[in-house]
Amino acid sequence: MKSIDVKLGSTGESSHQIHVGRDILDRMALVILRSRWACRYVVVSDQQVAAIHGPGVLGAMRRAGLVVDLLEIPPGESSKDVPTCLDLAKRLVRLGVDRGSCLVALGGGVVGDLTGFLASIYMRGIAYIQVPTTILAQVDSSIGGKTGVDLEEGKNLLGTFYQPRAVFVDLAFLETLPEAQIKEGLSEVVKYGLIEEPELLAELDSGLNPHGSPDPAWMEALVERCCLIKKRFVEMDERDRGVRRILNFGHTVGHALEAASGYSLSHGEGVALGMVAAARLSARLAGLPGEEVSRLEGLLGRLGLPTRIPQRIPSSGVLECMERDKKREGKGVPLVLLKRPGLPFIQDWVPGDCVRQVLEELKT
Ligand code: NAD
Ligand code: ZN
């Protein structure tokens, strides 16, 4: 098990560690025991993850002598909402959970965001730990302390910045992950390659077995490198006011495509298409070599991710979503672009016409 320091704030009080390894649950339980974060622990998980991994996690914690309960929620984004959050809060009260307790988020980004949010407001804030079980959660959502729930009006509209006491990334969880979820996560890995470590892109190609799924040993090194990249951005800009915005590469167009498709495109698919659009815009506006765009499209294709926008999604709808999101109707949008892979920058004003042309190009 490797431990990565996340150093935050001038006082360092929200600093913590990300522990990465395979089959680390017993080690995790010992670290928790020694750290004395709380006198009791409540694991929050979705029913799917709890059925597969709940016994392993609770068993390891109990063997170490920790007092632990389990609360389950239905799987899926629809649980990341206010009613589920309130329901969990009431169940915590009924269990007698007080300020000396600690929540453990066992699951993907949905469980992580919801549990972190609940921890940040329950009795004015109690401790929590992230135990991410999807690639997306291991390389992205469990790191950085962004928590939140969705409203009917939009995603992540209620939220807080609230750092966990620790993040435990166990690669063994990924062995039970559905194939669609693997692609979702790899889309974010491609993003890290493009904005920070171009070597990752070549490695993504060589590490895949002939069926397109990743080799487990290689995956471990890959996840660890992505954790390091994310934590460096978070350390530089914990509150997402400056350089952390680079992590939005592919996401502005991606989110708009997801919304304009009525969420028939998944997040990973939206981001893949958003990255292709951002790369093409980078070639037009920032001198990104054309062969880098083709390389990206080739890699995404081999990962089973889309590189062409379905005809049924109207470009005008996508642009409207982007401009509404950035509150800049008709004035163009700020986007993260690339001069080269590994050299991103924020372009404050990308003309709407340019975006529209690229969206149309991607439909052919
Ligand atoms: P998710 O949490 O819904 O998990 C996807 C599905 O996989 C669920 O059905 C779950 O039950 C199942 N699953 C999870 N782990 C499994 C395992 N090991 N084996 C078998 N099945 C498993 O989705 P996600 O993609 O992990 O996360 C998406 C969420 O993350 C979104 O709500 C998004 O807004 C959020 N997010 C947050 C941040 C952040 O910084 N906080 C960053 C990116 C995304
Ligand atoms: Zn994302």
Side-chain angles (χ1 to χ4, degrees), residues 25 44-54 56-57 72-81 84 105-117 120 128 130-151 154-164 167 169-192 194-195 219 223 226-227 230-231 233-234 238-240 244-255 257-259 263 265-275 305 336:
L25 295 182
V44 179
S45 193
D46 72 40
Q47 286 148 356
Q48 191 167 322
V49 176
I52 311 173
H53 298 295
V57 171
E72 295 181 26
I73 56 165
E77 185 73 28
S78 59
S79 283
K80 207 178 106 173
D81 65 356
T84 309
L106 173 67
V110 165
V111 167
D113 283 12
L114 173 69
T115 307
F117 182 63
S120 73
Y128 81 112
Q130 289 275 16
V131 186
T133 62
T134 62
I135 299 182
L136 180 133
Q138 296 193 341
V139 302
D140 189 358
S141 63
S142 68
I143 304 165
K146 275 195 200 174
T147 82
V149 293
D150 305 333
L151 297 180
K155 284 190 60 170
N156 299 321
L157 288 179
L158 290 184
T160 53
F161 283 98
Y162 194 63
Q163 296 295 341
V167 184
V169 177
D170 191 334
L171 274 291
F173 288 130
L174 304 185
E175 280 153 28
T176 60
L177 207 55
E179 199 174 314
Q181 283 302 317
I182 295 178
K183 283 186 212 161
E184 289 292 296
L186 292 180
S187 192
E188 305 288 347
V189 175
V190 172
K191 178 190 83 176
Y192 287 132
L194 287 170
I195 60 171
M219 196 65 208
V223 166
C226 292
C227 289
K230 172 98 192 231
K231 82 106 190 183
F233 276 96
V234 173
E238 188 183 349
R239 295 274 160 155
D240 208 6
R244 189 167 169 181
R245 285 163 59 208
I246 296 286
L247 294 172
N248 281 335
F249 180 75
H251 278 62
T252 308
V253 179
H255 281 148
L257 281 163
E258 277 179 75
Y263 292 94
L265 282 179
S266 72
H267 179 69
E269 290 170 336
V271 170
L273 291 168
M275 290 192 291
L305 288 158
V336 183

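Counting starts at 1 for both ligands and their atoms, following the listed order.
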Q. Does Pro132 approach ligand 1 within less than 4.0 angstrom via side chain, backbone, both or neither, non-hydrogen atoms only?
A. neither

Q. Checking Ser79 side chain against Pro74 main chain: does a donor-acceptor pair fall under 3.5 Å?
A. yes

Q.
Starting from atom 34 (O) of ligand 1, what is the nearest protein heavy atom, named by residue and atom, and what distance separates them?
A. Lys80 NZ, 3.0 Å

Q | Gly109 N/O under 3.5 Å from ligand 1 N/O | A | yes

Q. Taking C-beta and beyond as the side chain, do Asp46 and Glu72 meet within less than 4.5 Å on heavy atoms?
A. no

Q. Which protein heavy atom lies closest to atom 7 (O) of ligand 1, and at what distance to 0.1 Å?
A. Gln181 CG, 3.8 Å

Q) Considering only protein heavy atoms, which is closest to atom 12 (C) of ligand 1, and at what distance to one decimal place? A) Gln48 NE2, 3.8 Å

Q. How does His267 reach ligand 1, if at all, at less than 4.0 Å between non-hydrogen atoms: by side chain, backbone, both, or neither?
A. neither

Q.
Please confirm whether Pro178 approaches ligand 1 to less than 4.0 Å, judged on its heavy atoms.
A. yes

Q. Is Phe173 close to ligand 1, meaning an N/O of one under 3.5 Å from an N/O of the other?
A. yes

Q: Using a 4.0 Å heavy-atom threshold (strictly under), name the region of Thr147 that reaches ligand 1: side chain, backbone, both or neither.
A: neither

**Q.** Atoms of ligand 1 close to Lys155 [distance to a heavy atom under 4.0 angstrom, numbered from 1]
**A.** 31 (C), 33 (C), 34 (O)

Q: Check each atom of ligand 1 against the heavy atoms of Ile52 and keep those under 4.0 Å away; list them by number with element.
A: 20 (C)

Q | Proximity flag Gln47 to ligand 1, non-hydrogen atoms under 4.0 Å | A | no

Q. Does the side chain of His53 come under 3.5 Å of the side chain of Thr176 through a donor N or O and an acceptor N or O?
A. yes

Q) What atoms in ligand 1 come closer than 4.0 Å to a heavy atom of Val49? A) 11 (O), 13 (N), 14 (C), 15 (N), 16 (C), 22 (C)

Q. Just which atoms of ligand 1 are under 4.0 Å from any heavy atom in Lys146?
A. 40 (O), 41 (N)

Q.
If we set the cut-off at 4.0 Å for heavy atoms, which region of Asp46 has an atom near ligand 1: side chain, backbone, both, or neither?
A. side chain

Q. Is any side-chain heavy atom of Ile135 closer than 4.5 Å to a side-chain heavy atom of Glu188?
A. no

(Q) I need the minimum non-hydrogen distance between Gly268 and Ser187, along with the two atoms involved. (A) O-OG, 2.9 Å

Q. Is Val111 close to Val49 at the side-chain level, that is, under 4.5 Å between some pair of heavy atoms?
A. no

Q | Residue portion contacting ligand 1 (non-hydrogen atoms closer than 4.0 Å) for Asn156 | A | side chain

Q | atom 35 (C) of ligand 1: the protein heavy-atom neighbour that sits closest, reported with distance to 0.1 Å | A | Asp113 OD2, 3.4 Å

Q) Please state which protein non-hydrogen atom is closest to atom 44 (C) of ligand 1 and give its distance, to 0.1 Å? A) Leu136 CD2, 3.7 Å

**Q.** For atom 3 (O) of ligand 1, the protein heavy atom that lies nearest, with its residue and separation
**A.** Val110 CG2, 3.3 Å

Q. Can you check whether Val271 reaches His251 side chain to side chain, under 4.5 Å on heavy atoms?
A. yes

Q: Would you check if the Zn ion (ligand 2) lies under 2.8 Å from any N, O or S atom of Asp140?
A: no

Q | Pair Glu184, His267: side-chain N/O donor-acceptor within cut-off below 3.5 Å | A | no

Q | Minimum heavy-atom distance between Gln138 and Leu171, given as atom pair plus value | A | OE1-CD1, 4.2 Å

**Q.** Lys80 side chain reached by Asn156 side chain, heavy atoms, under 4.5 Å
**A.** yes

**Q.** Proximity to ligand 1 by part of Glu77, non-hydrogen separation under 4.0 Å
**A.** side chain

Q. His251: which N/O/S atom is nearest the Zn ion (ligand 2)?
A. NE2

Q) Touching ligand 1 at all, Glu184? Heavy atoms, strictly under 4.0 Å? A) no

Q) Heavy atoms, side chains only, cut-off 4.5 Å: are Leu114 and Val149 in contact? A) yes

Q. Quick one: which ligand 1 atoms are inside 4.0 Å of a heavy atom on His53?
A. 18 (N)

Q: Pull out every atom of ligand 1 sitting under 4.0 Å from any heavy atom of Gly108, numbered as shown with elements.
A: 2 (O), 26 (O)

(Q) Within the 4.0 Å heavy-atom shell around Asp140, which atoms of ligand 1 are there? (A) 42 (C), 43 (C)

Q) Which residue supplies the protein heavy atom nearest to atom 17 (C) of ligand 1, what is that atom called, and how far is it? A) Thr176 OG1, 3.4 Å

Q: Write down the atom of Gln48, the atom of Pro178, and the distance for their closest heavy-atom approach.
A: NE2-CG, 4.4 Å

Q | Closest heavy-atom pair and its distance - Gly116, Tyr128 | A | CA-CE1, 3.5 Å

Q. Between Phe249 and Ile195, what is the shortest heavy-atom contact and its length?
A. CB-CG2, 3.5 Å

Q. For atom 38 (C) of ligand 1, what's the nearest protein heavy atom and its distance?
A. Ser141 CB, 3.2 Å

Q: Find all atoms of ligand 1 within a distance of less than 4.0 Å from any non-hydrogen atom belonging to Thr134, and give their numbers and elements.
A: 4 (O), 14 (C), 15 (N), 26 (O)

Q: Report the part of Leu177 (side chain from C-beta onward, or backbone N, CA, C, O) that has a heavy atom under 4.0 Å from ligand 1; answer both or neither where that applies.
A: both

Q) With a 4.5 Å limit on heavy-atom distance, are the side chains of Phe173 and Leu106 in contact? A) yes

Q.
If I compare all heavy atoms of Gln181 with all of Leu177, which pair ends up nearest, and what's the gap?
A. CB-CG, 3.6 Å

Q | Side-chain heavy-atom pair His255, Lys155 within 4.5 angstrom cut-off | A | no

